[in-house]
Structure formats: structure tokens, C-alpha cells
Amino acid sequence: MYGAFLALCAVPALRVAADETCSVEYEQGKRGFKAISLNPLLYTPISHRPDWHWKQLLRSRGIDADKVSQYEEAWVGLLFAEAEEAITGCSIQGGRYWDLVLDLRKLYDLARGSAKSSLVQRLASAFRISAIYARESLPENLRLSVCTPAVCDADQVIRTIYPEFTRVFMGARPERMLGNATFRDVVDGDEVLRWDAFDIDFAIVGVDRCGTTSLRKNLEMHPDIVFKSDREDLLLSHTAARRLLPTRAQVDQHNAEWHAAKAAKWKRTGHEPRRAPPLVGMANPLLFPSALARDKMAAMPRLKLIVVLCDPVGRFEKLFMLRHYCHDDLRAAQKRFMAHADRDGTEVCYRSTSAIVTERKGYWQMISMAPHLATLAQRFSGRIFFLHQDELRDMPRSTFDSLVGFLGLPPFPEDANFRRYNSVGGHRTDLCSNASLVSALKELLEHEYVMQEQLLRIWGKSVHVRTTRCDWIDKVNTTYCPNENGQPVAC
Ligand SMILES: *[C@@H]1O[C@H](CO)[C@@H](O)[C@H](O)[C@H]1NC(C)=O
Ligand SMILES: *[C@@H]1O[C@H](CO)[C@@H](O)[C@H](O)[C@H]1NC(C)=O
Ligand SMILES: *[C@@H]1O[C@H](CO)[C@@H](O)[C@H](O)[C@H]1NC(C)=O
């Protein structure tokens, strides 16, 4: 009888001791830990507030709002810097930083009788939400970030430290509101880490439609390079897109996937890397215009960036062909051109590319490159490599060798055969048969050409960026190297 009692108690007793260490350390450093807590860990877009709001907010934080061309970018930078500061401050205190998510509706369901209405009232006044009167109008969850002593694990943080942050809306004795449930039943949490916890060496960040697939697939042939998968990496565009700091689970998962990709590559090729460990790359051609993605990449000090540029007129034509050009047989065209599979033929389309000029509106800003390239060049100076698509076509071997040289690797093996993917040669639309349209477009895209010339000059390259594909269209055979079943085909 006595023995059984002891056995039952052994684990809880250890638990209590560990809880005590966590609590004691927390109490000792409480002021410091609390001062760092409660920073936002998710990016929220700026668009739901008027301009004057941001102007005031930025001014109040000492940022000259008139010099900031776009509040959005300044807002992203501000949120990001505060999150970085918080986690740095927390680790200086010898702590770990946690992202804790409270399921408000579950909490509401658990709360008994009168506790329900006082919960709702307190939430309304704490968060200045005007009219919360029923379960369905409660926000689904509430995130709080908390800095705790490093010895505390997730379970201890939620049971012993978290409750004190809830007094403002759960009253002086928060546990009472939960009845026989505990905070473990309504709170989910994960530690957050810094962006440099990702084990990654370089990234192809753009420009979309400029040969990024060829870049990735050819670089992958190098024995000392590994990509996580044979597709675009969604870490910064989807998985952790809104996060200001990544969770430990995200970091662990991605690092494990990269590790598995390395192992798979050596198994497949039978070659040991000549350099250990090999370099890990990620590719996502749509990262270059994202201010938040740039902040995250800047926070990974060893990450190098690769950007491939291409003729702006050709890129416009390709995007227009994919999204807005009328094809007599859309399905056949999609097969040939790997056009957006989500286009079903019911959307507005244009019979002539002259619509690029006549129907501009939002389309243009959406696909502009120059301002983003300028920011990248400045921000990643010394660890960014710009090249032009023409170099991939005209001198692949020396281009790829200098690229891996930039990454710190020896040249490609002698027998490497560099190919082109997703390429559509020859006439793709009516653009090249209309010389005045081509020159009108070139004029409208003048700022893009100027930016590309500046960048390539800095990188010591002599590429004639002002030749468009229409200049040599009749001199080469038409080629189609489309996407088949989502897989790019080479030629
Ligand atoms: C709390 O107790 C009630 C009845 O005493 C039970 O129905 C319910 O499942 C319990 N809840 C939890 C979360 O244990
Ligand atoms: C050529 O493009 C211009 C726009 O720059 C347009 O006005 C004209 O109609 C086009 N010509 C043909 C033959 O499509
Ligand atoms: C185009 O293709 C034909 C036949 O396939 C070939 O004879 C010719 O040399 C090619 N021309 C160029 C410029 O590649």
C-alpha cells in the first residue's frame, strides 16, 4: 500500500522540484523578464489603418515619416526590430522567449456561469474591443509572448508563469475560472528562436520569370550544394511568412528536412561532398519584393543571396502571356507555356499585348523590380550576387563557376551540362511583330533598365541589358521547355 503510494508520487515530486526551480528563478528576475514580455510576434498588415495613424505612430517612435516613402515598409521594419530586441534582451537575461496562444472560445466554454460574463467584460476593456457580447464575437485566440528563465520548459511556463499575465482579463485568481481544467487545456505554446537558427547558406530570391528554375536546377548539380526539395521553398513566403520570430518547431523541422535532403543527395549520386558540410540553398523567386522576407534574411548573417535579372520587356510579355493573353486553345497553350493552371478561360483576356500599355493600373506596380533590387543591393552589400539571364544562356559554364566561386565552392565538374528550364523561345504573343509597341514598352520601363545597368556595372559585368528578345527572335529556333505535371522540363 505504502509502496504504491510512493511509486505514484515519485514523478510528481520531481515535477514539483523542477517547477520550483523555474518559479524561483522567475521570481528572482521577474522585473527583467516581465519588461521584455508581450511583444508582438506576428506581423499584422498596415492597411486597416489610415495614413495619419502611421505618421503619428512612427513620429512617436522617432522615425521621420516624411522620409519614409512607404509606411508599410517602415512598419514592418519597426515590428521586426522590436521582436529582435525582445529576444536578444531575453537571452541577455539568461532567458528563453515563448509564443503562447490562448484558445479564447475554449476558455469561454470552460468558464462557469457568472465567470463567462465577467471574462467577456474584462476582455472588452483590456483590449478596447467595443461590443463583445457572445462567444462567436470573441477573437479565436489571444497571443502573448513571455520571457522566462531558460530552465523552464513549455509545460512549466504555461502552468506557473503564464497565469499571472492573464489576471487583467481573468481576475486575481485565474485558475478558478477554469474549473477542473488547467491552463494546459487552453494554452498552446512554443519557444521562439532567432532567424539565424536556420541552417541555411544561400538563397535564390528572384527575379521570377528570369530563369530562377534554371539557376536552381543547375546549381543543384554541383556536388557540394543541396536544396531542400526540388521545388520552391515556402518557409519565408508561407510557413513562417507572418512570423516576426520563428518557432523552435519550425526551425527543427526545416533543419531536419535539409539534413534529410543532404543524405538523399549523397545516396542518389553516390558522391561524398568534397566539402563538408555541403552548402544548403533555398529558392523562392518571389522573396525579392517582400520587406519582411528581406528583414529575416538580413538577420541570418551567413546567408548569401543570388538574384538573376532579365529583360524587363520580355518578363512583362511572359507574365502577360501567362495571366492575361487570350489563347485560342487555352489548355494547349497552358501545356506548352506552363501558364497558370488556375486560369480557366473565364477571366478577362486581351487579344493583343498592346493592352500592357493601355490597361496598366495595378498590374505595373505589382511586377516592378527596380526599387526592390536597389534595396537588396544596399542591404546585402558584400553578400549578394547579381547576374543576368543572358549570361546563363550565352556563357553558362563560366557564369555558374563564378557563381559557386562566390559561394566559396570549387568549380563544377568537367562533365557538367548546363540546361535551360521553363523556357519558351520564339513568338509567344504578338509583341515582337509590333516594333512601336516594343519601343513604347522600353520607354515605360526605362527606370528598370537604368537600375539593371547600375547593378551589373557594380558587379563588373558587361551585359547589354537593352536588347530585348524581339531583337533576335527570328534568328533562333522556337523552343518549348515547359512545365509538365508541375515539373520543369529542360532543353
Ligand atoms: C470537469 O468535471 C466535469 C464533471 O465533474 C466533467 O464532466 C468534465 O469533463 C471535467 N472537465 C475536464 C476538463 O476535466
Ligand atoms: C502596336 O502597338 C500600338 C501601341 O503601342 C498600338 O496602338 C497599335 O495598334 C499596335 N499595332 C498593331 C498592328 O497591333
Ligand atoms: C534550327 O533547327 C534546324 C532543324 O532542327 C537546324 O538545322 C538549325 O541549325 C537550327 N538553327 C539554329 C539557329 O539553331
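Remember, it's 1-based here, ligands and their atoms both numbered in the order they're listed.
In the model, Lys228 has a side-chain atom that pairs as donor or acceptor with a side-chain atom of His254 under 3.5 Å.
Relative to the six-membered ring of Trp472, Arg393 meets both conditions, a distance below 6.0 Å and an angle of at most 45° to the axis.
Ring-centre distance between Tyr325 and Tyr350: not below the 6.0 Å cut-off.
Between Arg466 and Glu446 there is a salt bridge, since a side-chain N of the basic residue sits under 4.0 Å from a carboxylate O of the acidic one. Contact check on Lys304 versus Asp201 returns no salt bridge, with no Lys/Arg side-chain nitrogen under 4.0 Å from an Asp/Glu carboxylate oxygen.
By the 30° and 60° cut-offs, the orientation of the rings of Phe385 relative to Phe406 is tilted.
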Go ahead and list the nitrogen or oxygen contacts between ligand 2 and the protein that come in under 3.5 Å, distances to 0.1 Å, or just say none.
{"residue": "ligand 2", "atom": "2 (O)", "partner": "Asn434", "partner atom": "OD1", "Å": "3.4"}
{"residue": "ligand 2", "atom": "2 (O)", "partner": "Asn434", "partner atom": "ND2", "Å": "2.4"}
{"residue": "ligand 2", "atom": "11 (N)", "partner": "Asn434", "partner atom": "ND2", "Å": "2.8"}

